[in-house]
Amino acid sequence: MNHHQRSPIRITPTLWGDKAAWLPAVLILLMAWPAAAAPQEKAPTPADLLSQVGIPAEGRQRGQMDIVGFASNAVQMDAVLAQCRRLAAAREEQLQQRYGWTDDMRFVAGVCPHDD
């Protein structure tokens with residue numbers, strides 16, 4: 001018997017005859033029901049969001065959403081730099097000898113935390 005002579009197999013679930021066929025649909029409806037019944041919250045306006053900013057934008061200076069854990073002013077940035085110097089002091093001489101650095105060499109470095 002070739003594939004043209006085979007009778008097609010038809011699976012037709014009845015309303016209650018094949019409960020497994022209805023299970024995914026029932027589960028989806030049950031999961032969607034609480035979301036549909038919950039009241040929809042209003043999307044925040046730009047003014048709502050800006051009222052929550054830790055340091056607001058000023059002129060051309062970008063604001064900062066979260067001020068906890070970020071150096072946000074010169075005093076805090078100086079404290080970070082001083083801590084870096086303290087931590088590096090133990091290896092400074094070793095690194096100077098290894099790479100030929102001298103005290104009059106200058107480096108530019110930046111710290112750029114992601115705050116969005």
Side-chain angles (χ1 to χ4, degrees):
M1 177 153 76
N2 65 35
H3 70 279
H4 294 292
Q5 296 172 338
R6 293 182 192 161
S7 64
I9 298 173
R10 291 192 179 115
I11 300 174
T12 356
T14 61
L15 183 59
W16 301 107
D18 188 1
K19 293 178 187 170
W22 290 95
L23 185 60
V26 170
L27 289 175
I28 289 170
L29 288 173
L30 287 174
M31 288 188 299
W33 181 33
Q40 299 297 320
E41 290 186 26
K42 176 184 91 154
T45 66
D48 294 334
L49 296 173
L50 289 173
S51 71
Q52 300 172 20
V53 172
I55 299 174
E58 195 174 299
R60 295 185 67 203
Q61 185 176 7
R62 182 179 181 267
Q64 188 173 330
M65 185 67 167
D66 183 7
I67 59 173
V68 176
F70 296 98
S72 301
N73 58 47
V75 172
Q76 294 169 338
M77 292 176 201
D78 287 342
V80 169
L81 186 56
Q83 178 70 7
C84 290
R85 285 185 176 136
R86 278 193 299 278
L87 293 172
R91 291 196 58 214
E92 188 173 3
E93 186 178 330
Q94 177 188 8
L95 293 172
Q96 285 176 339
Q97 290 175 358
R98 181 175 182 181
Y99 295 107
W101 296 340
T102 62
D103 287 338
D104 62 341
M105 294 176 97
R106 298 290 177 246
F107 296 90
V108 176
V111 178
C112 184
H114 183 70
D115 183 49
D116 300 286

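FYI, the numbering just counts along the sequence from 1.
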For Q83, side chain to side chain donor-acceptor pair (under 3.5 Å) partners two or more places apart: R86

Residues forming a side chain to side chain donor-acceptor pair (under 3.5 Å) with R106, sequence neighbours excluded: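 None.
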
Linked hydrophobic residues, F107 as query - side chain contacts closer than 4.5 Å: L95, Y99, W101, M105

Considering all heavy atoms, the nearest Q64-V53 contact: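 Scanning both residues, the minimum pair turns out to be O-CG1, 3.3 Å.
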
Side chains of D48 and T45, donor plus acceptor under 3.5 Å: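 Checked: D48/T45 side chains pair up, N/O donor to acceptor below 3.5 Å.
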
